[in-house]
Amino acid sequence: MKLYSDSELAQILDKKIFHLISEAADSLNLECYVVGGFVRDIFLQRPSNDVDVVVVGSGIQVASALKERLGKKAHLSVFRNFGTAQVKIHDIEVEFVGARKESYSHDSRKPIVEDGTLEDDQNRRDFTINAMAICLNKDRFGELVDPFDGIYDLEDGLIATPLDPDITFSD
């Protein structure tokens, strides 16, 4: 495993697709982060074309703005019931979701979903190593946001939940 500085992460993400996502989010004044397995795999030095992006606001809006920038070769799929969208171009798939917080009633497996902050979204993730996020907005491009020290859990080969495991797994 390799530890990277924010400037090194910015270099790793110095690809057209990430700059176009950045432009799309910035044009809408929305915070935007690449998250989850894609971020984890950067540190594990595993290639991945499956990109998950969390937007503090509408992920569908950012996906639509990205599709406009990519043109006819890109394919946009919108899943309004889930508040998500996917943009495919060549061999790259980018999934967009709005940051959210979820709560569950004790008698239902269906979550109550509300708009949330990046922190809310990171809190609901399964493991600390999947809660890491890298900012894509131009002014913070490449900045790692890792409130649960997932990078150290990854380095130590530790699987831990962001919140109390009873809360995480009961959800």
Asker: Nearest 0.5 Å, what's the CD-CG distance between Glu31 and Asp26?
Answerer: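 Output value for this atom pair is 10.5 Å.
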Asker: Using the rule that two of Ile, Leu, Val, Met, Phe, Trp, Tyr join whenever any of their side-chain heavy atoms come within less than 4.5 Å, decide whether Phe18 and Leu70 are in one cluster.
Answerer: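 Shared cluster, yes.
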Asker: Please determine whether a side-chain nitrogen of the Lys or Arg among Asp120 and Arg124 lies less than 4.0 Å from a carboxylate oxygen of the Asp or Glu.
Answerer: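 Arg124 and Asp120: not salt-bridged.
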Asker: Considering non-hydrogen atoms only, spot the tightest contact between Ala85 and Leu76 and give its length.
Answerer: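 Smallest interatomic distance, heavy atoms only, reads CB-CD1, 4.2 Å.
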Asker: Rounded to the nearest 0.5 Å, what separates atom CZ in Phe96 from atom CD in Gln61?
Answerer: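 Here the interatomic distance stands at 12.0 Å.
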Asker: Looking only at heavy atoms, which two atoms of Val56 and Gly116 are closest? And how far apart?
Answerer: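 For Val56 and Gly116, the tightest heavy-atom pair comes out as CG1-O, 4.0 Å.
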Asker: Would you mind reporting whether Val145 and Arg140 have side-chain heavy atoms less than 4.5 Å apart?
Answerer: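 A side-chain contact under 4.5 Å exists here.
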Asker: Check this for me: Glu8, atom CD, are more than 12 non-hydrogen atoms of other residues, nucleotides or ligands nearer than 6.0 Å?
Answerer: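 Check passes, neighbour count above 12.
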Asker: Would you mind reporting whether Leu144 and Met132 have side-chain heavy atoms less than 4.5 Å apart?
Answerer: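 SC-SC contact between Met132 and Leu144 confirmed.
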Asker: Provide the closest heavy-atom pair for Val87 versus Ala63 in the form atom of the first, atom of the second, distance.
Answerer: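 So the minimum-distance heavy-atom pair works out to CG2-O, 3.6 Å.
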Asker: With rounding to the nearest 0.5 angstrom, report the NE2 to NZ distance, His75 to Lys88.
Answerer: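 The NZ atom of Lys88 is 7.0 Å from NE2 of His75, to the nearest 0.5 Å.
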Asker: Is the shortest heavy-atom distance from the side chain of His90 to the side chain of Ile92 under 4.5 Å?
Answerer: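 Heavy-atom side-chain distance check fails, nothing below 4.5 Å.
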Asker: Testing the basics here: between Ile21 and Cys32, what is the closest heavy-atom pair and its distance to 0.1 Å?
Answerer: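 So the minimum-distance heavy-atom pair works out to CG2-SG, 3.5 Å.
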Asker: On the 0 to 90° scale, with breaks at 30° and 60°, tag the Phe141-His19 ring pair as parallel, tilted or perpendicular.
Answerer: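 Rings of Phe141 and His19: parallel, under 30°.
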Asker: Could you grab the distance from atom OG of Ser77 to atom CD1 of Ile60, nearest 0.5 Å is fine?
Answerer: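 Between atom OG of Ser77 and atom CD1 of Ile60 there are 11.5 Å.
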Asker: Working to the nearest 0.5 Å, report the span between CD1 of Ile151 and CD of Glu155.
Answerer: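 Answer rounded to 0.5 Å: 7.0 Å.
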Asker: How about Ile42 and Tyr4: do any of their side-chain heavy atoms sit closer than 4.5 Å?
Answerer: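 Yes; the side chains approach each other to less than 4.5 Å.
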Asker: More than 12 non-hydrogen atoms from neighbouring residues, nucleotides or ligands closer than 6.0 Å to CG on Asp6, yes or no?
Answerer: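 Counting other residues, nucleotides and ligands, CG of Asp6 exceeds 12 neighbours.
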Asker: Determine whether Phe38 and Asp52 make a side-chain contact, defined as any pair of heavy atoms from C-beta on separated by less than 4.5 Å.
Answerer: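 With C-beta onward as the side chain, the pair stays apart.
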Asker: Membership question, hydrophobic clusters at under 4.5 Å side-chain separation (ILVMFWY): are Val55 and Tyr33 in the same one?
Answerer: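 Tyr33 does not cluster with Val55.
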Asker: Tell me, yes or no, whether the heavy-atom count around Lys73 atom NZ, taken from other residues, nucleotides or ligands under 6.0 Å, exceeds 12.
Answerer: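 Incorrect, the count does not exceed 12.
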Asker: Under a 4.5 Å cut-off applied to non-hydrogen side-chain atoms, are Val53 and Val97 in contact?
Answerer: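 In short, these two side chains do not touch, never coming nearer than 4.5 Å.
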Asker: Decide whether Val54 and Leu13 are clustered together by the hydrophobic rule: side chain heavy atoms of Ile, Leu, Val, Met, Phe, Trp, Tyr closer than 4.5 Å, transitively.
Answerer: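 No, Val54 does not connect to Leu13 through the hydrophobic network.
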Asker: Ser22 and Lys138: which non-hydrogen atoms are nearest, and at how many Å?
Answerer: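 Where Ser22 meets Lys138 most closely, the heavy atoms are OG-N, 3.3 Å.
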Asker: Do the side chains of Gln122 and Phe148 get nearer than 4.5 Å, heavy atoms only?
Answerer: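 The answer is yes, as the side chains (C-beta and beyond) meet within the 4.5 Å cut-off.
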Asker: With rounding to the nearest 0.5 angstrom, report the CG to CG distance, Asp41 to Asp50.
Answerer: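 Going from the CG atom of Asp41 to the CG atom of Asp50 covers 9.5 Å.
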Asker: Where do Thr117 and Ala99 come nearest, in terms of heavy atoms and distance?
Answerer: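 Nearest pair, atom of Thr117 first, then Ala99: O-CB, 3.5 Å.
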Asker: Decide yes or no for Ile159 and Ile129: does some side-chain heavy atom of the first lie under 4.5 Å from some side-chain heavy atom of the second?
Answerer: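 In short, these two side chains touch, coming nearer than 4.5 Å.
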